[in-house]
Amino acid sequence: MTLAKWIIGCAVCCLFLGWVASAGVPNTSMVTGNISMIRANGSPRTDNDTGIVVWLTPVPRRPATPSRTPSVRPKIVQKNKRFQTRLLAVEVGTVVDFPNEDPFFHNVFSRLNGKQFDLLLYEAGANRAVTFDKPGICYIFCNIHSKMSSVVVV
């Protein structure tokens with residue numbers, strides 16, 4: 001047997017075994033691995049960097065479906081004139097709470113890309129919620145405090 005035929009045979013065998021193995025994998029499979037964080041300029045990531053999202057694309061023959069309903073709804077808290085969560089990744093259909101823990105009013109809104117909404121003015125201690133019903137990136141701001149910003153990746 002020539003080297004070329006041996007390589008082709010091994011490749012076909014690997015593809016077949018991969019197909020057989022993936023056919024029995026449930027939708028709730030776990031993905032594990034190592035990730036190196038490097039900035040766009042090539043310098044290493046530090047603890048002061050903001051959050052990171054890893055985006056996985058499902059295999060085309062298996063449609064993406066929400067795998068679970070969180071027991072505690074995710075939230076983006078407004079405190080000290082900023083959003084406590086600067087970056088949040090959620091599944092399609094997730095409801096996110098926006099509690100106001102500052103002693104004054106906030107107006108949470110998003111008009112760019114992703115989910116567009118305006119929660120209007122609401123006072124200290126109040127909570128408003130948004131359902132993120134389609135995939136995309138949602139940039140969130142406060143009408144009153146221009147330095148407040150957050151991102152939800154759906």
Side-chain angles (χ1 to χ4, degrees), residues 14-15 17-154:
C14 288
L15 288 173
L17 289 174
W19 174 78
V20 169
S22 68
V25 176
N27 284 338
T28 57
S29 298
M30 182 185 309
V31 176
T32 60
N34 296 319
I35 299 174
S36 298
M37 302 297 180
I38 300 172
R39 291 189 185 124
N41 66 5
S43 64
R45 184 180 175 272
T46 66
D47 290 337
N48 294 333
D49 289 340
T50 58
I52 298 197
V53 171
V54 177
W55 194 288
L56 301 177
T57 304
V59 176
R61 60 186 166 80
R62 292 188 183 178
T65 57
S67 60
R68 61 177 170 73
T69 302
S71 57
V72 176
R73 287 195 336 200
K75 60 184 172 181
I76 297 179
V77 177
Q78 302 153 77
K79 191 170 186 174
N80 300 321
K81 293 185 183 178
R82 67 185 200 106
F83 292 115
Q84 293 286 322
T85 304
R86 297 285 314 261
L87 176 65
L88 178 66
V90 299
E91 294 179 347
V92 172
T94 300
V95 177
V96 176
D97 287 319
F98 291 88
N100 181 357
E101 294 184 7
D102 269 330
F104 37 78
F105 285 80
H106 283 293
N107 179 340
V108 179
F109 75 96
S110 178
R111 293 198 180 102
L112 304 170
N113 304 327
K115 173 79 173 184
Q116 295 186 13
F117 62 90
D118 188 344
L119 299 181
L120 304 175
L121 283 173
Y122 60 106
E123 68 279 352
N127 181 60
R128 302 273 171 93
V130 174
T131 301
F132 290 87
D133 50 7
K134 65 179 184 175
I137 299 174
C138 187
Y139 300 95
I140 298 170
F141 304 98
C142 174
N143 259 348
I144 300 171
H145 306 99
S146 61
K147 293 185 180 182
M148 290 178 65
S149 67
S150 184
V151 176
V152 175
V153 179
V154 184

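Just so we're clear, the structure is a prediction, and the values are computed from it rather than from any experiment. This chain uses plain numbering: 1 for the first residue, then up along the sequence.
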- Task: Identify the heavy atoms of Cys138 and Phe132 that sit nearest to each other, and give their distance.
- Result: SG-CE2, 3.8 Å

What donor-acceptor contacts under 3.5 angstrom involve side-chain atoms of residues 96-106, with partners at least two apart or in another chain?
unit_1	atom_1	unit_2	atom_2	d
Asp97	OD1	Arg73	NH2	2.5
Asp97	OD1	Asn127	ND2	3.1
Asp97	OD2	Arg73	NE	3.3
Asn100	OD1	Asp102	N	2.9
Asn100	ND2	Phe104	O	2.8
Asn100	ND2	Tyr122	O	3.1
Asn100	ND2	Glu123	O	3.3
Asp102	OD1	Asn80	N	2.6
Asp102	OD2	Asn80	N	3.4
Asp102	OD2	Lys81	N	3.0
Asp102	OD2	His106	NE2	2.7
His106	ND1	His145	ND1	3.2

- Message: Would you compute the distance between atom CG of Leu119 and atom OG of Ser110 and round it to the nearest 0.5 angstrom?
- Response: 10.0 Å

- Item | Sequence neighbours excluded, every pair satisfying salt bridge (Lys or Arg N to Asp or Glu O under 4.0 Å) that has a member inside residues 129-150 | Lys115-Asp133

- Side-chain heavy-atom pair Arg82, Cys142 within 4.5 angstrom cut-off: no

- Message: Can you give me the closest heavy-atom contact between Leu87 and Ser150, atom names plus distance?
- Response: N-OG, 4.3 Å

- Message: Just so I know, are the side chains of Ile140 and Val108 near enough to count as touching, which here means a heavy-atom distance under 4.5 Å?
- Response: yes

- Who passes ring-ring contact (aromatic ring centres under 6.0 Å, His included) against Tyr139, sequence neighbours left out? none

- Task: With sequence neighbours excluded, tell me which residues meet side chain to side chain donor-acceptor pair (under 3.5 Å) with Arg111.
- Result: Asp118

- Message: Go through it in stages, so that I can follow the logic: the residues are Thr131 and Thr94, the test is side chain to side chain contact (heavy atoms under 4.5 Å, CB included), and I'd like the CA-CA distance, side-chain angles, deciding distance and then a yes or no.
- Response: CA-CA 6 Å; Thr131 301; Thr94 300; over 6 Å; no

- Going by heavy atoms in the side chains, are Val153 and Leu88 under 4.5 Å from each other? no

